[in-house]
Structure formats: structure tokens, C-alpha cells
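These notes concern the structure reproduced below.
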2 protein chains.
Amino acid sequence: MSMTDQSPLGRKLSAFVALSDAELAVLAGLHQRRRVFVAGRDLVHQGQSKQAAYILASGWVCSYKIQPDGSRQIVDFQIPGDFLGLRSVLLRTSDHSFEPIVDIEAAEVLASDLLKAFADTPRLATAIFWAASRDEAMVVEHLVGVGRRDSDARMAHFLLELGSRLALVGIGSKDGYDCPLTQYHLADALGLSAVHVNRVLRQLRERGLVTFRDGHVSFDDRDRLAELAEFDSTYLDHEGPLLK
Amino acid sequence: MSMTDQSPLGRKLSAFVALSDAELAVLAGLHQRRRVFVAGRDLVHQGQSKQAAYILASGWVCSYKIQPDGSRQIVDFQIPGDFLGLRSVLLRTSDHSFEPIVDIEAAEVLASDLLKAFADTPRLATAIFWAASRDEAMVVEHLVGVGRRDSDARMAHFLLELGSRLALVGIGSKDGYDCPLTQYHLADALGLSAVHVNRVLRQLRERGLVTFRDGHVSFDDRDRLAELAEFDSTYLDHEGPLLK
DNA sequence: CGCGAAGGCTGACTTCCATCAGTTCCGTAT
DNA sequence: ATACGGAACTGATGGAAGTCAGCCTTCGCG
């Protein structure tokens with residue numbers, strides 16, 4: 001199976017374990033029940049129970065929690081190749097919501113099919129658990145950012161992390177990437193107000209570090225940006241395949 | 001096996017699945033290699049690789065990340081019955097550190113033993129994954145708190161959550177619990193300065209909501225405290241066993 | 001066409017929390 | 001017995017980010 005044939009998930013997992021053709025075939029099998037969802041209408045809503053998991057094939061999604069007072073915290077963004085709702089399979093009710101940011105395509109995966117795939121191809125299972133662990137590490141890093149970084153470093157770190165993640169599934173380049181997020185999304189993710197997000201972006205642009213404009217992020221000076229963010233990507237753990 | 005014989009982990013898992021004697025025996029088997037660690041000396045250090053997982057038997061631990069600038073963010077506290085480092089088994093290097101807050105006892109669990117237990121007793125495996133999912137949900141809720149709650153609500157929420165968790169493993173009562181954390185721990189966990197933590201605690205005490213003094217938390221008015229915190233415990237998911 | 005909604009952008013004012021610079025209290029090691 | 005270190009505690013001051021209020025542009029649509 002050639003590189004270009006691979007799903008984004010296949011591509012991502014290949015960075016961790018070298019998957020055999022048989023394993024790739026099982027993975028492809030999980031992509032059967034393809035569904036389309038429109039931007040803005042929640043896929044899963046907080047408090048809902050017993051929903052399937054999804055593998056995102058194209059488009060962007062965010063997972064978030066709404067507070068009783070109406071404010072929301074975006075926990076993470078999902079990009080092609082990411083799982084949605086893998087964790088909440090075991091908890092009775094989903095503790096958060098998923099909103100497609102643009103129109104998306106996703107493969108619905110039934111818990112039973114997933115478990116069968118795990119039993120048949122343990123290496124694939126390991127790879128998927130690796131991906132889940134990495135997602136959790138990103139949430140932790142997100143928490144650190146919100147708790148301990150000022151708004152500039154927070155934004156810088158966020159934009160760099162996103163760039164790294166996209167690169168891993170073959171989207172974007174060293175210099176930047178297309179990004180459909182609004183300043184409101186950034187605000188809800190970073191724990192800032194939309195007004196302040198705007199000011200921070202302006203500042204970073206004027207300092208010649210990054211430009212986020214018209215749905216595109218350009219790294220104007222990646223090194224200085226990484227320095228400001230104190231960006232250390234080891235938690236993303238992609239140094240080439242571990243298991244041959 | 002009677003209730004009082006159970007390890008804290010057994011007790012916690014029993015709230016999710018009713019475990020058979022055979023399953024409880026396997027679980028007890030995982031507690032073989034008992035070790036003791038002294039307060040303050042890190043169990044696992046950020047950047048370290050290939051360490052075992054642990055089941056905490058007694059005492060308190062915190063997991064945290066240190067920033068290059070020296071500030072630290074505590075990600076979570078572990079109490080008896082919690083796993084340490086379950087997630088980082090798959091990532092090459094641990095992305096965070098574990099520090100015992102008091103002297104602790106913990107069972108060291110080798111990855112191979114854990115996998116064998118999973119293979120032999122799938123229901124136990126499910127229960128442990130449930131616990132892992134719940135831990136992740138707590139980190140998410142923590143992120144929400146740091147991102148979207150002001151310092152009072154944040155503290156209130158934290159103290160209530162901890163009370164709920166302790167109750168699940170049979171520690172503390174409806175009215176309060178013993179708690180060895182210092183105000184510095186609270187500050188590092190909640191993304192506040194120690195000075196401000198002190199003020200917030202004073203305020204909550206003066207308003208007659210909670211008293212945290214001399215290593216003991218007392219809920220003076222649990223209802224009003226929960227209201228201030230907008231505490232909704234569904235993410236903790238303990239409404240009695242799901243699987244009979 | 002023109003209206004409204006969504007997103008981006010900005011200035012003025014306010015608030016929450018960090019920082020600095022201490023003091024007090026206690027337990028323990030010299 | 002006293003000196004020391006860790007933790008709790010406090011007042012004064014400043015700064016980072018929130019809130020409020022408003023303007024401009026673009027784009028879809030009645």
C-alpha cells in the first residue's frame with residue numbers, strides 16, 4: 001500500500017509502528033461506515049449517552065465543555081486522522097460535546113468492531129493506544145499552557161503545536177498551514193477573551209513572529225516564536241517508528 | 001472477599017463493575033511488589049523513560065510538569081486506589097513527574113503482568129480502562145476550571161471534587177476529610193499564586209463555606225459551596241455498578 | 001438591492017490576581 | 001535554648017487581561 005493511499009490515521013500511526021499490509025487492511029476496514037456532518041451542528045452533545053466513536057477523515061472538529069454560566073472551554077481540536085469519543089465509550093454519559101468547525105467526513109466505528117480489530121491485530125491496538133496517550137498528553141500540555149503561560153506564549157505554543165500535528169498527517173508545510181479557526185475558537189480554547197486574542201495576534205504579527213490572517217497561519221520567524229512559547233515538542237513523541 | 005479486605009483500587013472498581021472473587025484475586029496479585037517511597041523525592045522524573053506503573057496503596061502523590069522558567073503546574077493528585085503512570089507506558093519518555101506528598105506505599109506493576117491480567121480477566125481490564133477514562137475526564141474538568149472559573153469557584157470546585165474522590169475509596173465523610181496538601185500545592189494545581197490561595201481560603205472560611213486548616217477540610221455549608229463552584233459531579237460517573 | 005449576521009478590529013475603563021516585602025507561628029535540629 | 005526553615009498569613013502596589021462599547025468589512029439572502 002503506497003503512502004498516498006493511506007488514510008490520515010494510517011499515516012499518523014505509521015509514524016509510531018510500521019504497520020503490515022494486513023494491519024493496514026484492518027484499519028481500512030474500520031473506515032467503512034462513512035458519514036458527513038455539517039459545520040456548526042454538534043455531533044455529540046454533552047450529557048448524551050452511548051454513542052459510537054468516529055475517525056475523522058477530513059475537516060476540523062473541536063471538543064468542548066459548556067459551563068452553567070454559558071462560557072465554554074474548548075478542550076482540544078481534532079484534525080484528520082484523529083479519533084473522536086474514544087475515551088467516552090466507557091463512561092455512561094459523554095462529559096463533553098463535539099462540534100464540526102467546517103463540514104466534515106468521519107467514519108463511524110462501533111465499539112464491537114473496534115474491539116474485534118484490537119483482538120485480531122494487537123500491534124494496531126498498541127498503535128491506537130499510543131495515539132490515545134498522545135492525545136491525553138496534549139490535553140495535559142494544554143492545561144499547563146492555560147495555567148502557567150501568559151497570553152503571548154500561550155498563543156505561540158498553540159499555533160506551533162497545531163503545525164506539528166498537521167505536519168504529521170501531511171497537511172501544511174514548515175512555513176505555515178491553512179486554519180479554519182475563528183478568533184472566538186482561539187479564545188475559547190486558550191481561556192482568553194476574543195478581544196484579547198485579537199490584540200495578541202496583532203502583537204505577534206507586528207513583532208514579525210507569526211501571521212494568522214484569512215484562514216492561514218504563516219510562521220514568519222519560527223525560531224523566535226518557539227523561544228517565546230518555550231515550545232518543547234517531546235510530548236508529541238514523533239521521532240520515527242518505535243516498533244519495526 | 002469482604003468489603004474491608006479490599007484494596008482501595010478494588011473498592012473503587014467495584015463501584016463500576018461487580019468483580020468476581022477470581023477477578024479480585026487477579027487484582028490482588030497485581031499488588032505483590034510493594035514498595036515504599038518517602039515524601040518529596042520524585043518517583044518518576046519528567047524526561048525519564050521506560051518505568052513501570054504503580055498502584056497507590058496509601059498516601060498522596062501529585063503529578064506535575066515543570067516549565068523551563070521554573071514554574072510548575074500540578075496536573076492531578078493521586079490518592080489511594082489510583083494508578084500512576086498507566087498512560088506513559090506507551091510514550092517513550094514520561095512527559096511529567098510524580099512527587100509523593102507524604103510517605104507512600106505503592107505496588108509496582110510491570111507492563112507484562114498488567115497485560116497478562118488484561119488477557120485473563122477482560123472484565124477487570126474494562127474496569128481499569130473505565131478508571132483511566134475517569135482520570136482523563138478529571139484532567140479535562142481541571143482544564144475547564146483553570147480556563148474558565150475565577151479563583152473562588154476554582155478552589156471550591158477542587159475541594160468538592162477531592163471530597164467525592166476520597167469518598168469513593170472510603171476516606172473522609174460527608175462533612176470533610178483530612179488533606180496533607182500545602183497552600184503551595186493548591187497554588188501550583190489551580191494556576192494561582194500561593195498568596196492568592198491564602199486569601200481565597202480565608203474568604204471561603206469567612207463566608208462560612210469551607211474551612212481548610214491544620215490538614216483538614218471541613219464543609220461548613222456544602223450546598224452553597226457547590227453552588228458557588230457550579231459543581232456537577234456527573235463526570236466522576238459513580239452512580240453505582242454498571243455491569244452486574 | 002440592502003439588510004443583517006459573523007468575524008475582525010480598536011479605545012477606554014475596570015478588575016482580578018501576581019508580585020514584593022514583609023510578619024508570625026511552629027517544629028526540629030544544633 | 002536558640003536558631004533556623006517551612007508554612008501560613010497580610011498589606012501595598014502594579015500589570016495582565018477582561019469588559020463594554022462601538023466601527024468596519026464581507027458575505028449570504030429575502
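Reminder, nothing fancy here: chain letters follow the sequence lines and each chain counts from 1.
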Could you pull out every donor-acceptor pair under 3.5 Å between side chains of residues 166-173 of chain A and any protein atom, sequence neighbours left out?
from, atom 1, to, atom 2, distance (Å)
A/Ser173, OG, A/Asp175, N, 3.1

A/Arg213 side chain reached by A/Arg205 side chain, heavy atoms, under 4.5 Å: yes

Are any of the side-chain heavy atoms of B/Gln78 and B/Phe98 separated by less than 4.5 Å? yes

To the nearest Å, give me how far apart [atom1] ([X]) and [atom2] ([N]) are.
X: A/His196; N: C/dG7; atom1: NE2; atom2: P; answer: 21 Å
X: A/Leu186; N: C/dA6; atom1: CG; atom2: P; answer: 18 Å
X: A/Leu181; N: C/dG7; atom1: CG; atom2: C1'; answer: 13 Å
X: A/Arg213; N: C/dG7; atom1: CZ; atom2: P; answer: 18 Å
X: B/Leu192; N: C/dA18; atom1: CG; atom2: C1'; answer: 10 Å

Looking at every strand, decide which applies to A/Gly191 at a 4.0 Å heavy-atom threshold: base, sugar-phosphate, or nothing. sugar-phosphate

Could you tell me whether B/Ser193 contacts a base, only the sugar-phosphate backbone, or nothing, with contacts defined as non-hydrogen atoms closer than 4.0 Å? base

side-chain hydrogen bond (donor to acceptor under 3.5 Å, both in side chains) partners of [X], counting only residues at least two apart:
X: B/Asp220; result: B/Thr211
X: A/Asp232; result: A/Thr234
X: A/His31; result: none

Could you check B/Val200 against A/His185 and say which one's nearest nucleotide on DNA chain C is further toward the 5' end? A/His185

Mind listing the side-chain donor-acceptor pairs of residues 184-192 of chain A below 3.5 Å, one per line with the distance, residues two or more places apart or on another chain?
from, atom 1, to, atom 2, distance (Å)
A/His185, ND1, A/Thr182, N, 3.1
A/His185, ND1, A/Thr182, OG1, 3.2
A/Asp188, OD2, A/Arg72, NE, 2.7

Please enumerate all residues that pass side-chain contact (heavy atoms from CB on, under 4.5 Å) together with [X], with sequence neighbours excluded.
X: B/Ser58; answer: B/Glu105
X: A/Ala137; answer: B/Arg87, B/Leu91, B/Asp95
X: B/Gln203; answer: B/Asp152, B/Arg207

Listed in order of residue number, which residues of residues 148-156 of chain B have a non-hydrogen atom at under 4.0 Å from DNA chain C? B/Asp150, B/Ser151

Pairs under 3.5 angstrom, nitrogen or oxygen only, protein versus nucleotides 10-15 of chain C, please.
from, atom 1, to, atom 2, distance (Å)
C/dT10, OP2, A/Arg202, NE, 2.8
C/dG11, N7, A/Arg199, NH1, 3.4
C/dA12, N6, A/Arg199, NH2, 3.2

Span of DNA chain D, from the first to the last nucleotide whose atoms fall under 4.0 Å of chain B heavy atoms: D/dA8 to D/dA12

Does any pair with a residue in residues 35-46 of chain B pass salt bridge (charged side-chain N to carboxylate O under 4.0 Å, His left out), and if so which ones, sequence neighbours excluded? B/Arg35-B/Glu108

